[in-house]
Amino acid sequence: MYRATAVSTAMIFVLALNLRPAVTSLGAALPDIPAAGSLVAAVLVALPLWAIGLGGWATPWLCGRAGTHRTVTFSLLGLAGALLGRVLGGPIPLLVGTALACLSIAVLGTVLPLLAKGSAAYPLGLGLGSTAGALVTPVAVLSSSWRVGLGLWAFTALLAHQAWRRAPGEFLPPRPASGRVRASALTLHFGLISTVTFLVMGWLPGILRDAGVPPATAGACLALSMAMGLPMMWLVPGWTRRWRNQTLLVLALATPNAIGVAGLLLAPAAAPWLWAATTGMGMGSLAFVLTTISLRSKDSSLSLSAVVQGVGYVIAGFGVLACGWLHTHTGGWRTPLMLVLAILIGQVISGHFTVMPRRPAPEPLSEPQPDAPEIALVTRSIKDARRHRTYSLLPQQKRALVVFTRSGDDIRSDVR
């Protein structure tokens, strides 16, 4: 039993490692790719989000036809092939390869909540993959070329494929938390978080370079940002389970991002390391929403994950494209960063509605039966029982036992 659980956790971690290097490596190498002009670069930052969104919608159908194991196998092989194909040269292979890679990532990202069920291995592997893509890619670009920097991540997918082939079929996820979640609010919350996350991964080096920061320092700042997200990816799943005031947690996780974006807006070159570190700490919001999907979805996790990630990534794609369009037409980063601050406000509001507890629907009152004696039952006040509700005794009942159960400020009554 213990062996199966340990292997499953390790497998989740290995699969999650492949969810972000294709994107963060592109952001790190983007200024060095000759085919990535200003318009192509804007599309490249938004394209992964749309591709991941479309792939998320198709995942339940693929799993229904081929099964989960084969679906994950095909996605890993597709990811490896797409990552190798996009470095062939020219804007078309770059765009098509990125789209196909992100479609494969979408399948993995949609299935993993079903397997992880709140395990910290999922967000931790995602964060470590993001960090590795941002940290290793600039070194590979400087020592060799941008093709090597982008293409080497295909071997990570191939290694994950070999591990997946040998993985046991049994997964023993943690017990899901109780409670329901608003799917519409969760979808919007996920979309806004993904907008900020992908903007940081795609544009942070460019923002710092335009402010006069040396290219090597800008790339290292992106790596620092991803690295600062690692402890948050480890800690936030536990906080999501334990914090009683979830709205406060949403606000606390959004605050570092707000500080970092404000710093990039007002004085990007003054403290680039600080702005990178705070935006990285804001990655905890992504761990929160992914954990929420895993814990609250229960048996319908695949369908809920597909809807939330499918629609959420499409929302994020339009947000990222809007920021890129504003940068292209204004020639600076002031207006796009102001839009990001507005997105962060929306992130907090949607997060509040996501975690706000639902009031249970009132139980319908039983209809009195003819010629049945009535007895008064207590709702909030024993003295005012007759002014609230009455229940009827069955014709064969001569007496009734009224049982009162306190729930918060209310007193529930049952006739026995």
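Just so it is clear, the structure is predicted and the values come from calculations on it, not from any experiment. Residue numbers run from 1 in the order of the sequence given.
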### Query
Does a side-chain heavy-atom distance below 4.5 Å link L188 with V311?
no
### Query
Would V236 and T240 count as a side-chain contact (heavy atoms from CB on, under 4.5 Å) if you check the C-alpha gap in whole Å, the side-chain angles of each, and the deciding distance to 0.1 Å?
CA-CA 6 Å; V236 169; T240 305; 3.7 Å; yes
### Task
Could you pull out the closest heavy-atom pair between L204 and C221, with the gap in Å?
CD2-O, 4.1 Å
### Query
Do any N or O atoms from the side chain of S145 and from the backbone of V141 form a donor-acceptor pair under 3.5 angstrom?
no
### Summary
The complete set of side chain to side chain donor-acceptor pair (under 3.5 Å) pairs with one or both residues in residues 221-233, sequence neighbours excluded, reads S225-T279
### Task
Check whether any side-chain N or O of H327 sits under 3.5 Å from a backbone N or O of G332 as a donor-acceptor pair, and report yes or no.
yes
### Message
So which atom in L84 and which in G151 form the shortest heavy-atom distance, rounded to 0.1 Å?
### Response
CD2-O, 3.9 Å
### Task
Quick one: closest heavy-atom pair of W273 and A220, and the distance?
CH2-CB, 3.6 Å
### Task
State, without any angle test, whether T137 and W153 hold a side-chain donor-acceptor pair at a distance under 3.5 Å.
yes
### H69/T73 under side-chain contact (heavy atoms from CB on, under 4.5 Å): CA gap, chis, key distance, verdict
CA-CA 6 Å; H69 195 277; T73 300; 3.8 Å; yes
### Gap between atom CG of L264 and atom CD1 of I259 - 0.5 Å precision
12.0 Å
### Message
Do P268 and V213 have side chains that approach each other closer than 4.5 Å (heavy atoms only, starting at C-beta)?
### Response
no
### Query
Counting N and O atoms only, with roles assigned by atom type, does the side chain of W275 sit under 3.5 Å from a partner on the main chain of A269, one being a donor and the other an acceptor?
no
#### Entry: Worked check of ring pair (Phe, Tyr, Trp, His ring centres under 6.0 Å) between F190 and Y313
CA-CA 8 Å; F190 181 85; Y313 277 125; 4.9 Å; yes
#### Entry: Residue list, ring-ring contact (aromatic ring centres under 6.0 Å, His included) with W234, at least two apart or on another chain
none
## Note on the structure
Closest heavy-atom pair, G191 versus A316, reported as atoms and distance to 0.1 Å, is O-CB, 3.4 Å
### Gap separating the OH atom of Y122 from the CG atom of L290, nearest 0.5 angstrom
4.5 Å
### Query
Are the side chains of L83 and F155 in touch, meaning some heavy atoms are under 4.5 Å apart?
no
### Task
Compare all side-chain heavy atoms of L186 with those of V289 and state whether any distance is below 4.5 angstrom.
yes
### Task
Mind running side-chain contact (heavy atoms from CB on, under 4.5 Å) on V355 and F288 for me, showing each step along the way?
CA-CA 11 Å; V355 301; F288 168 80; 3.6 Å; yes
#### Entry: Distance, nearest 0.5 Å, that separates CE of M228 from CE of M232
8.5 Å
### Query
Going by heavy atoms in the side chains, are V200 and M226 under 4.5 Å from each other?
yes
### Message
On a heavy-atom basis, which atom in G149 and which in S25 lie closest, and how many Å separate them?
### Response
O-CB, 4.3 Å
### Query
With no hydrogens and no angle check, is any side-chain donor or acceptor of Q309 less than 3.5 Å from a backbone partner on A106?
no
### Query
If only atom types and distance count, is the side chain of R86 paired as donor or acceptor with the main-chain N or O of T98 below 3.5 Å?
no
### Task
Look up atom CG in L79 and atom CG in L103, then write down how far apart they are to the nearest 0.5 Å.
10.5 Å
### Query
Hey, are the side chains of T24 and L222 touching, using non-hydrogen atoms and a 4.5 Å cut-off?
no
### Task
Verify, without hydrogens or angle tests, whether H189 (side chain) and Q347 (backbone) share a donor-acceptor contact under 3.5 angstrom.
yes
### Summary
CG of N257 to CG of L341, rounded to nearest 0.5 Å, is 10.0 Å
### Non-hydrogen side-chain atoms of P21 and S130 separated by less than 4.5 Å
no
### Query
So how far is it from L274 CG to T278 OG1, rounded to the nearest 0.5 Å?
5.0 Å
### Query
Checking S144 side chain against A140 main chain: does a donor-acceptor pair fall under 3.5 Å?
no
### Minimum-distance pair of heavy atoms, taken over all atoms of S104 and G78
OG-C, 3.5 Å
### Task
Could you go through the side-chain contact (heavy atoms from CB on, under 4.5 Å) check for I33 and L26 one step at a time?
CA-CA 9 Å; I33 301 176; L26 183 62; 4.0 Å; yes
#### Entry: Heavy-atom side-chain proximity of Q246 to H352 below 4.5 angstrom
no
